[in-house]
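Basis for what follows: all heavy atoms, side chains included, without hydrogens, waters or symmetry-related copies.
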Amino acid sequence: MLHTMEISTSKRDELRDITREVISYVKKSGVQNGIIIVYCPHTTAGIAINENADPDVKHDVLMRLDEVYPWEHPKYRHAEGNTASHLKSITAGPSQSIIIHEGALLLGRWQGIYFCEFDGPRRRQCYLKIIEG
């Protein structure tokens, strides 16, 4: 089973919570046990799992990523001018795998799944692949 999720982002840097959409897809699939892979096919975006209870966490993560990977740097050579977004996406990574147990995602109490936009706003896609087992 492969599902394409359409995502619209509204900012250059944005952590968009997609947990509900992923849960909804798992429920619709009827799969009780297995793994879901959430994969981002973009070089300037990624997928992360982190706290989703306190919105300040998203702010703090994006703030520190900007400090570590500033948008402008005198030694950047990439002609498109978005080197920072590539570095941030490498840090976040392109995918996450989540266990499905008894029809539910095995996420921790405070965890959520995030689409990490680092070069928006854009219309993006991510793929959801369930492997039963």
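Between K88 and D119 there is no salt bridge, since no side-chain N of the basic residue sits under 4.0 Å from a carboxylate O of the acidic one. A salt bridge is absent between E117 and R16; no separation between the charged side-chain nitrogens and carboxylate oxygens falls under 4.0 Å.
Side-chain contact between I100 and L106: absent, with no pair of heavy atoms (C-beta onward) separated by less than 4.5 Å. Using a 4.5 Å heavy-atom threshold, the side chains of I113 and L107 count as touching. Side-chain contact between H59 and P55 is absent, with no heavy atoms from C-beta onward closer than 4.5 Å. At a threshold of 4.5 Å between non-hydrogen side-chain atoms, the residues F115 and D17 do not count as touching.
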Evaluation steps, side-chain contact (heavy atoms from CB on, under 4.5 Å), between Q125 and I7: CA-CA 6 Å; Q125 294 178 327; I7 299 170; over 6 Å; no
Full working for side-chain contact (heavy atoms from CB on, under 4.5 Å) between V38 and S95: CA-CA 5 Å; V38 183; S95 66; over 6 Å; no
Verdict with supporting geometry, I37 and L128, side-chain contact (heavy atoms from CB on, under 4.5 Å): CA-CA 6 Å; I37 300 166; L128 308 178; over 6 Å; no
side-chain contact (heavy atoms from CB on, under 4.5 Å) between I36 and S97, intermediate numbers included: CA-CA 6 Å; I36 186 164; S97 301; over 6 Å; no
Side chain to side chain donor-acceptor pair (under 3.5 Å) between Q111 and E51, worked out: CA-CA 5 Å; Q111 287 183 318; E51 180 177 331; over 6 Å; no
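With hydrogens and angles disregarded, a donor-acceptor distance shorter than 3.5 Å links the side chain of N33 to the backbone of E102. Between the side chain of E67 and the main chain of R64, no donor-acceptor pair closer than 3.5 Å is present. Not a single donor-acceptor pair under 3.5 Å links the side chain of H3 to the backbone N or O of Y127. A donor-acceptor pair under 3.5 Å is absent between the side-chain atoms of E21 and the main chain of S24, judged by distance alone. Formation of a donor-acceptor pair under 3.5 Å by the S29 side chain with backbone atoms of V26 is found in this model. Side chain of T9 to main chain of R122: a donor-acceptor pair is present (N/O by atom type, distance under 3.5 Å, no hydrogens or angles). No donor-acceptor distance shorter than 3.5 angstrom exists from the side chain of H42 to the backbone of R124, with no hydrogens or angles considered.
No continuous path of ILVMFWY side-chain contacts below 4.5 Å connects L105 to Y39, so the two sit in separate hydrophobic clusters. Hydrophobic clustering keeps I35 apart from I18 (ILVMFWY residues linked when any side-chain heavy atoms are closer than 4.5 Å, directly or through intermediates).
In this structure, P70 and A84 approach most closely via the heavy-atom pair O-CB, 3.4 Å. Listed here is the closest heavy atom pair of I47 and C116: C-SG, 4.3 Å. Of all the heavy atoms in H86 and S89, the pair that sits closest is O-OG, 2.9 Å. Nearest heavy atom pair, residue G112 against residue N52, reads CA-ND2, 3.6 Å. Of all heavy-atom pairs between C126 and C40, the closest is CB-CA, 4.4 Å.
Heavy atoms from other residues, nucleotides or ligands lying under 6.0 Å from CD of E72 number 12 at most. The 12-atom threshold is not exceeded at CD1 of I99, counting heavy atoms of other residues, nucleotides or ligands nearer than 6.0 Å. More than 12 heavy atoms of other residues, nucleotides or ligands shown are found within 6.0 angstrom of CZ on R123.
Grouping Ile, Leu, Val, Met, Phe, Trp and Tyr by side-chain contacts under 4.5 Å, direct or through others, puts L87 with L15, V57, V61, L62, L65, V68, Y69, Y76, Y114, F118.
To the nearest 0.5 Å, atom NZ of residue K129 and atom OG1 of residue T4 are 11.5 Å apart. The OG1 atom of T83 lies 14.0 Å from the NZ atom of K75; values are rounded to the nearest 0.5 Å. Atom-to-atom distance recorded for I130:CD1 and E132:CD is 8.0 Å, nearest 0.5 angstrom. Rounding to the nearest 0.5 angstrom, the gap separating the CG atom in D13 from the NZ atom in K11 is 10.0 Å.
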